[in-house]
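Written below as structure tokens is the structure these notes are about.
In the text below, chain A, chain B and the rest are named by the order of the sequence lines, each starting its count at 1.
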Number of protein chains: 2
Amino acid sequence: MSAGRPGRADVTAAADRIGPYIHRTAVLHSRSIDALAGCRVVFKCENFQRSGSFKMRGALAVLSADLTRAQECGAVTHSSGNHGAALALAGRLLGVTVTVVMPATASAFKRRAVERYGARIVDCGPTLEERETALAAVQAGAEMLFVPPYDHPHIVAGQGTATQELLEQAPDIDTVWVPVGGGGLASGAVLAAGGSGVRVRAGEPELADDAWRGLACGVRQPAPPPRTAADGLRTALGELNFEILHDYALAVTRVSEQAILDAQRLMWNCLKIVAEPSSAVALAALLEAGGDGCAGVIVSGGNVDLPTL
Amino acid sequence: MSAGRPGRADVTAAADRIGPYIHRTAVLHSRSIDALAGCRVVFKCENFQRSGSFKMRGALAVLSADLTRAQECGAVTHSSGNHGAALALAGRLLGVTVTVVMPATASAFKRRAVERYGARIVDCGPTLEERETALAAVQAGAEMLFVPPYDHPHIVAGQGTATQELLEQAPDIDTVWVPVGGGGLASGAVLAAGGSGVRVRAGEPELADDAWRGLACGVRQPAPPPRTAADGLRTALGELNFEILHDYALAVTRVSEQAILDAQRLMWNCLKIVAEPSSAVALAALLEAGGDGCAGVIVSGGNVDLPTL
């Protein structure tokens, strides 16, 4: 990692480190969606990524950047979502013992993923305070590597590899669309696109529009109440992520819950893929704002339980 | 088409004709499924194919083989399923007017697909007799090309292109697994694999095991009662298809309804793809029979409506 803020070279370095462990995920296309969007749209299927989301990239990037320490001391995170599962699998692949502090209220589906990948789960209560206390107890006296879900230069660089790969696979892309929650994927996309002339744009749920508000007024906003169905986007922007995205003047398009569900259905019907509601936010934003040229949409994850068919 | 039964050269010829109009569909892989199957398994995602199933290949192969006549006289089929939608889209792409005779009881989901692709729909009653009457009325006095869903040499050759493509994409495959209903996909796979040393094996629902019974006794069996959830596999084997598969001594593995639904869920959870129950039958059979070496599984289609999430 270069001193200070990460840059495009850090994305390339992360790609080299994590390459052997990730899927180079497929890029899909649907003429029906092109017709609705008014431009060509290609989808980068990070729902096909190992662990089921792009979070695998950042988790591998962090552990591989300081592998000896991680292997000696282990790594810990708090997450009831995709980051926890990704770190668990990354740890298994790299020989790092992983502990995930997880609220006892987390869904059985997400808990099973973390368990399946062999991480130790430490239960905590549902509040932020209870989580911090549990995390401190786990780390007490140990040199354990704390791996936050998005606010970290190696995480940002790792997530940027999704965009870097997409631009290699579809060099005609003019704009990359991502969902924005903590901002790891979005700030990574900004780094990866740096200097290429490719624009990055983001979608955010109306019910969790802290990025939109914060970037508009220049002050990072707290996390919104957890109301949106896009459960991966209920967090506030990280500090580093906010800095990168604010300097970039990221344009954020807000979308309704109905638009998110409609986009999820569209991906089901036209692409035949399983996408989380959070993943549908980027497409919903593209359809809301309208596209031109060639748009790349990053489908961030597919970890949603199968309903009874 | 060479005289008599189609062969591998017909598959290659079909691939050349239809190449510009189809997707070269992605091949996916999941280590979790490998572990369950006891061998490496790669999935050929024909659910990503245009019109949502491999049927697009056969429909294009038929129309393109006699294009002038098809464009002059139009084409007709009867189908409440994927073949109807595929022929409708193939007709639109090739400038052929398509009529689909469809029982008024067909699902709104499947009807919409045929309508969306611009075909004319002629309603008929639900019985075979009513369908035949409606079909005869449509064709009366016209030189319209009748395109059956599977019992046709160009259809077989066209469906064989799915296997040919898969073997190009994953040359280490030892066995190709397909679902068997009318037998278009299975007999096409036999032609495409011909002489390569690759084996073809099939899965069939226990509740619709006419292929298993017919191939065992050497006499083609009538269609089973429509009880299986794998609605694409409720038909009897076609005559040509039966001949090809009987000569090949196709091994068919029968699977329970529960095994089909479990395989569908597995593809959802591990591959993040939408697969019809019929599509899950091949994977269910592989898991039932056990695999070795490298298995290729053709995911035949993904046309299933999104349940409320």
Side-chain angles (χ1 to χ4, degrees), chain A residues 21-32 35-36 43-53 85 89 92-93 109 112-113 116-117 169 229-231 257 260-277 279-280 299-309, chain B residues 21-32 35 43-53 85 89 92-93 109-110 112-113 116-117 169 229-231 257 260-277 279-280 299-309:
Chain A
Y21 304 102
I22 59 164
H23 287 323
R24 189 174 173 90
T25 54
V27 170
L28 298 182
H29 169 239
S30 156
R31 286 169 183 80
S32 306
L36 287 170
F43 293 86
K44 173 69 169 165
C45 290
E46 286 294 295
N47 52 334
F48 298 165
Q49 189 50 267
R50 295 185 77 176
S51 85
S53 85
L89 178 55
R92 196 179 76 183
L93 296 176
F109 181 75
R112 272 202 305 278
R116 189 171 65 239
Y117 297 133
Q169 292 167 300
D231 56 349
E257 294 298 292
I260 296 169
L261 295 177
D262 289 348
Q264 191 184 20
R265 179 177 290 269
L266 202 59
M267 290 197 279
W268 171 293
N269 282 335
C270 298
L271 298 174
K272 310 297 178 188
I273 62 172
V274 177
E276 300 177 36
S279 286
V299 183
S300 51
N303 291 327
V304 55
D305 205 359
L306 176 65
T308 306
L309 291 172
Chain B
Y21 304 102
I22 58 165
H23 287 323
R24 188 173 173 90
T25 53
V27 170
L28 298 182
H29 169 240
S30 155
R31 286 168 183 80
S32 306
F43 293 86
K44 174 70 170 165
C45 290
E46 287 293 297
N47 53 333
F48 298 165
Q49 189 51 266
R50 295 184 77 176
S51 84
S53 85
L89 178 55
R92 196 180 76 182
L93 297 175
F109 181 75
K110 294 189 162 163
R112 270 202 307 276
R116 189 171 65 240
Y117 297 133
Q169 291 168 299
D231 56 350
E257 294 297 294
I260 297 169
L261 295 178
D262 289 349
Q264 191 184 20
R265 179 176 291 270
L266 202 59
M267 290 197 279
W268 171 292
N269 282 336
C270 297
L271 299 174
K272 310 297 180 188
I273 61 172
V274 177
E276 299 178 36
S279 286
V299 183
S300 51
N303 290 327
V304 54
D305 206 358
L306 175 66
T308 306
L309 290 172

Item to check | Per-residue contacts, residues 43-51 of chain A versus chain B, heavy atoms under 4.5 Å | outcome: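 Those residues of residues 43-51 of chain A which have a heavy atom under 4.5 Å from chain B are N47(A), F48(A), R50(A).
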Item to check | Non-hydrogen side-chain atoms of V304(A) and K272(B) separated by less than 4.5 Å | outcome: no
Checklist outcome for this item: With sequence neighbours left out, the residues meeting side-chain contact (heavy atoms from CB on, under 4.5 Å) with A280(B) are I260(B), A263(B), Q264(B), M267(B)
Checklist entry - Which atoms form the tightest heavy-atom contact between V274(B) and V274(A), and what is the distance? => result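 Closest approach of V274(B) to V274(A), heavy atoms only: CG2-CG2, 4.2 Å.
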Checklist entry - Nearest heavy-atom pair of H23(B) and H29(A): which atoms, and what distance? => result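 It is NE2-O, 3.9 Å.
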Item to check | Residue among N269(A), T25(A), V27(A), L28(A) with most heavy-atom pairs under 4.5 Å to chain B | outcome: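 Max contact count across the listed options: L28(A).
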Item to check | Max heavy-atom pair count under 4.5 Å with chain B, selected residue of G302(A), S32(A), S30(A), G52(A) | outcome: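 Of the candidates given, the most pairs with chain B belong to G302(A).
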